[in-house]
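Take a look at the structure below.
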There are 2 protein chains.
Amino acid sequence: MDTTQLLKGVLDLAVLAVVADEDGYGYDVVRRLRAAGIEEVGDASVYGTLRRLYASGALTSYVVPSDEGPHRKYYGINAQGRAVLDAQRKDWDEFARTMSRLLGTEAGR
Amino acid sequence: MDTTQLLKGVLDLAVLAVVADEDGYGYDVVRRLRAAGIEEVGDASVYGTLRRLYASGALTSYVVPSDEGPHRKYYGINAQGRAVLDAQRKDWDEFARTMSRLLGTEAGR
DNA sequence: CACACTACTGCGCGTCGCGCGGTAGTGTCC
DNA sequence: GGACACTACCGCGCGACGCGCAGTAGTGTG
């Protein structure tokens, strides 16, 4: 039941994709990922990933005070982030195709 | 270039699939995985995975002396291994489909 | 005023793939 | 016959990363 291991190295990609679609703050990104089908993702993982991506220069960040709760730290994608997203998306596609071929499911053909 | 992280949690599955196809020894499994497109896999990872799978009861093992090199430790899949393989294959398919959907590539449809 | 929800942070843990080095058997080439 | 290459396996320590948990803080509700 270790679906958690499948996320390794892919959470970056998933988070980038979500943020690329529209700027988002941590709590919101968690909800969007879960809504997209990645139900098992832990909130700490997402917050950590966002911070890591920001530290690596792939995301911008700005704080917006909210009048219905704590402040929200928004993250947006920049040019470098988009480059990373494209590269990782390509890697993923290729890898997924390879795995599908290996597993004998014809999904990758 | 961190394709290595993509393997997390999937090497088990890949190794099981290869061994399920036909019994194999470590060095051979490495070659078969690389031939299948998983070029970056390290030999230590495969040996470790085989040992781990064996320890968990998913594989059987027997040593065959070779007259053209060192002995070979063959691994074969058993009923439990096949159950694990099926379960993980299902998890992977579902996960890959979810990711494809999220990424907007229509490969998962 | 206890509780629930929103929102973020920090810490320590466990898993697992990897690089590296070591051992050992066989065959090849000069 | 000695250096080298290939086959085949093992052990060790490292680093990445997702996770659970606990903590803090703001807002609204019974």
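Keep in mind that the numbers below use all heavy atoms, side chains included, and drop hydrogens, waters and symmetry copies. Chain naming here is simple, since letters A, B, ... match the order of the sequence lines and numbering starts at 1 in each.
You'll find the side chain of Ser45(A) reaches within 4.5 Å of the side chain of Leu11(A), heavy atoms only. Annotation: side chain of Val64(B) is not in contact with side chain of Tyr25(B) (no heavy-atom distance under 4.5 Å). Residues Ile38(B) and Leu102(A) have side chains in contact (heavy-atom distance under 4.5 Å, counting atoms from C-beta outward).
Residue Arg72(B) places none of its side-chain N or O atoms closer than 4.0 Å to OP1 or OP2 of dC9(D). Using a 4.0 Å cut-off, some side-chain N or O of Tyr47(B) falls inside it from OP1 or OP2 of dC9(D). Checking the phosphate oxygens (OP1, OP2) of dC17(D), no side-chain nitrogen or oxygen of Thr49(A) falls inside 4.0 Å. Lys73(B) has a side-chain polar atom (N or O) that falls below the 4.0 Å cut-off from OP1 or OP2 of dC10(D). For dA16(D), neither phosphate oxygen OP1 nor OP2 lies less than 4.0 angstrom from any side-chain nitrogen or oxygen of Arg52(A). Side-chain N/O atoms of Arg51(B) include none lying less than 4.0 angstrom from OP1 or OP2 on dC9(D).
In this structure, Glu40(A) places its CD atom 19 Å from P of dT15(C), rounding to the nearest Å. The separation between His71(B) atom NE2 and dT26(C) atom C1' is 14 Å, rounded to whole Å. When rounded to the nearest whole Å, the span between OH of Tyr27(B) and C1' of dG25(C) equals 13 Å. Per the geometry, CG belonging to Leu53(B) stands 12 Å off C1' belonging to dC16(C), to the nearest Å. What separates OH of Tyr75(A) from C1' of dA7(C) is a distance of 11 Å, to the nearest Å. Rounded to an integer number of Å, the gap from CD of Gln88(A) to C1' of dC17(D) is 13 Å. In this entry the distance linking OH of Tyr54(B) with P of dC9(D) reads 14 Å, nearest Å. With rounding to whole Å, Arg34(A) atom CZ is found 14 Å from dG18(D) atom P.
Between Ala44(B) and Lys8(A), the residue whose closest nucleotide on DNA chain D is further toward the 5' end is Ala44(B). For Asp67(B) and Gly42(B), each mapped to the nucleotide of DNA chain C holding its nearest heavy atom, the one lying further toward the 5' end belongs to Gly42(B). Both Pro70(B) and Val41(A) sit near DNA chain D, but only Pro70(B) has its closest nucleotide nearer the 5' end.
A side-chain donor-acceptor contact under 3.5 Å links Arg89(A) to the backbone of Leu103(B).
Closest heavy-atom contact between Asn78(B) and Leu59(B): ND2-N, 4.0 Å.
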